[in-house]
Engineer: 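Attaching a single structure in structure tokens format; questions to follow.
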Amino acid sequence: MNNTEKIKKSLNKRYRKEKRFRLLSLLAVLTGFACLFILLVDMIIKALPAFIQTEVKLDIHFDQEKLELAAHFEPEELQNANFRGLIKQSLQQRFPTVRKRSDKRALMRLISVDAEYQLRDKLQAEPQLLGETVPIWLLVDDDVDTYLKSDKQFGRVSQKQIAWITELEQQERFQKRFNYWFFQTGDSREPELAGILGAVMGSFYTLLVTLLLSFPIGVMAAVYLEEFAPRNRWIDLIEVNINNLAAVPSIVFGLLGLAVFINFFGVPRSAPLVGGMVLALMTLPTIIIASRSAIKAVSPSMREAALGLGASKVQVAFHHVVPLAMPGILTGTIIGLAQALGETAPLLMIGMVAFIVDIPQGVTDAATVLPVQIYLWADSPERAFVAKTAAAILVLLLFLVAMNGLAVWLRKKFERMF
Amino acid sequence: MTTTNIEQKVNETWGKPFVDNAKISIRNMDVFYADKQAVFDVNLDIAKHEVIALIGPSGCGKSTFLRCLNRMNDTIPICRVAGDISLDGENIYDTNMDPVLLRARVGMVFQKPNPFPKSVYENVAYGPRLHGLALNRAELDDIVVTSLKKAGLYNEVKDRLHSIATGLSGGQQQRLCIARTIAISPEVILMDEPASALDPIATAIIEELIDELRKNYTIAIVTHSMQQAARVSQRTAYFHLGRIIEVGETSQIFTNPQHELTENYITGRFG
């Protein structure tokens, strides 16, 4: 048997091995893809109800007497007028047979607690409605909403309420519309009123602080360690510590933030500022490690070229090395920020888990963030929060996709520059 | 073949290492990488407006030697240089000598063309901008065009001064690197195998260019090509295991080497 035959004989075995390996790799990719697909589909299906809100049409008579307003009243008095009474009146007219006090209360519970404010806003916007009777679409309570959206399977509604709902349905007084409210408000105890905007803004401000702190510090640290630091035991120690920091559980950073930033420096609690600072600490090792490897990957011939022309070390670093390493640095930064975006544990320690209704207007306002909002909603007993939780997860995923898209775009942009 | 078979001494330099009009003079130079010595007791003068070729087998220390002349080895922490190297009588390893200024006076062209990944114009303009050599845009434009012309590249790139330099061919890139070096008007240009990555045509162009540049600059060139050394240089130094074995007029080295090691090397029996 000569060599050619020997090789030929071994070829089949080699190809079989290769084929096997390729199949296994493909299987691995498909498994990952399938998991992602299942997760996404499940989330989307669960989240869909959160994007739809049921409203009920009631004929409201803006009765000055019922509103407890004098004949001549100041506009401010509208704030305290009895709009709830209007709803009560309207419901009683529609269901005149309901007499018992407890039944009347159950009837009122069909309508969201926010409905009276809807009426108030309506009357403030159109004062000429006073004394008129108009049909108005009002938010229904989340239990009714859930009951209707789940094809009458779920929802905490009594038999009597079901009868009323059925009656209203027969009169075609329900409509489903897109829940734009969800994207415009902060958190609420009432699921039909709870929105994601507060958490989105909280996450935005927190990440802004994180980025502004960790990016410059991380890049400068990486540049120093790679370009300027002498090779000695201290630098080795720093390196080891940075690598260790990357593996520290995030809750430890939260405790540190609580002890140092809040208790010692007196940074306001629950604010994106302190959240951002804690997350910046957490993100720093990731950015430093990624930036260092990006800087290390810059060809030494670029450094030589610049040095040979008489550039100083700082000029070499900032004219050539950092711009060339920028795509890698940015990728590392975005990965770090994406991690920070999904981080919950450290924020629990610094009070960002508080129930906050207002939308934060700056970095020092109390706020919560998306993952904490998900945690809070997942913890809430109302059935409608299940959908809200899934919807919040979708918003978080969208946020992540947007950030990664940005990373890809920046990479391309910086690569094209050279 | 190893050194032990050679009867002639290797620890002293044969030929004429010293000249009257020295631009750079090197005395008793030793270079160490940590504990390992790479260059042993080198004595050499490089004359004004001459091209000196440094030849020798791989790993003989000629590149190390060259990189010490503009302190490029400063970037290697374990590298240590002993002895005197002076440029116009000033010791370049003196504490008063600023390496940035030194490298502006002693430029370097590397083995692999290494243009910055920027436009052709930016590549050449980088040095003058760095040192503030041009007062305004017009002066800068002038420096860029003159340097490109001197490097014999202008006609080829005049229409794409603002396209990216890494898109040029290897030979063009290397000439761009030369243009970039001469844009800051150095006094000495060190070339570390500038044509080793190029085809024969590009090599020929570079060699012509070196000959042309000799009028204004002092040039030290490391090369593996004996023919190239013979074509471009006036003097040649032969390095062997970290020592200069022989220095002399190029014609003499190639026709009548005095040391057996030199002879072996240039006749191709060695290295």
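Source: prediction; values computed, not measured. Convention: sequence-line order gives letters A, B, ...; per-chain numbering from 1.
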Engineer: Of all residues at least two apart in sequence or in a different chain, which pass the side-chain hydrogen bond (donor to acceptor under 3.5 Å, both in side chains) check with B:Glu50?
Structural biologist: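 B:Glu50 satisfies side-chain hydrogen bond (donor to acceptor under 3.5 Å, both in side chains) with B:Arg235 only.
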Engineer: How about residues 68-84 of chain B versus chain A: which residues have heavy atoms under 4.5 Å apart?
Structural biologist: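 The residues closer than 4.5 Å to chain A, in numerical order, are B:Met72, B:Thr75.
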Engineer: Please report the shortest heavy-atom distance between A:Ala306 and A:His320, naming the atom on each side.
Structural biologist: CB-CD2, 3.5 Å
Engineer: Just to be sure I understand the criterion: a residue of residues 119-126 of chain B counts if one of its heavy atoms is under 4.5 Å from a heavy atom of chain A. Which ones qualify?
Structural biologist: B:Tyr126
Engineer: Taking side chain as everything from C-beta outward and backbone as N, CA, C, O, which of these in B:Phe116 sits under 4.5 Å from a heavy atom of chain A? Side chain, backbone, both or neither.
Structural biologist: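 Both backbone and side chain of B:Phe116 come within 4.5 Å of chain A.
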Engineer: In terms of heavy-atom contacts, does CZ of A:Phe37 have more than 12 from other residues, nucleotides or ligands at under 6.0 Å?
Structural biologist: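 Not buried by this count: 12 neighbours or fewer within 6.0 Å.
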Engineer: Measuring heavy-atom distances to chain A, does B:Pro115 have an atom under 4.5 Å in its side chain, in its backbone, in both, or in neither?
Structural biologist: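 Contact with chain A involves the backbone of B:Pro115 alone.
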Engineer: I'd like to know whether CG of B:Asp35 has more than 12 heavy-atom contacts from other residues, nucleotides or ligands below 6.0 angstrom.
Structural biologist: no
Engineer: Can we say B:Arg67 and B:Asp192 salt-bridge, meaning some charged N sits less than 4.0 Å from an Asp/Glu carboxylate O?
Structural biologist: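 Here B:Arg67 does not pair with B:Asp192 in a salt bridge, since their nearest N and O are not under 4.0 Å apart.
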Engineer: Any Lys/Arg nitrogen of A:Glu239 or A:Arg292 sitting under 4.0 Å from an Asp/Glu carboxylate oxygen of the other?
Structural biologist: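 Result for this pair is yes, salt bridge flagged.
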Engineer: Is it true that B:Glu193 and B:Lys112 have a side-chain N and a carboxylate O under 4.0 angstrom from each other?
Structural biologist: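 The answer is no: the pair does not qualify as a salt bridge.
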Engineer: What do the steps show when you test A:Ser301 against A:Glu304 for side-chain hydrogen bond (donor to acceptor under 3.5 Å, both in side chains), and what is the final call?
Structural biologist: CA-CA 5 Å; A:Ser301 73; A:Glu304 282 185 339; over 6 Å; no
Engineer: Could you tell me whether the side chain of B:Tyr33 reaches within less than 4.5 Å of the side chain of B:Thr64, counting heavy atoms only?
Structural biologist: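 Answer yes - side chains close enough.
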Engineer: Mind listing the side-chain donor-acceptor pairs of residues 144-153 of chain B below 3.5 Å, one per line with the distance, residues two or more places apart or on another chain?
Structural biologist:
unit_1	atom_1	unit_2	atom_2	d
B:Thr146	OG1	B:Asp142	O	2.5
B:Ser147	OG	B:Ile143	O	2.7
B:Lys150	NZ	B:Tyr217	OH	3.4

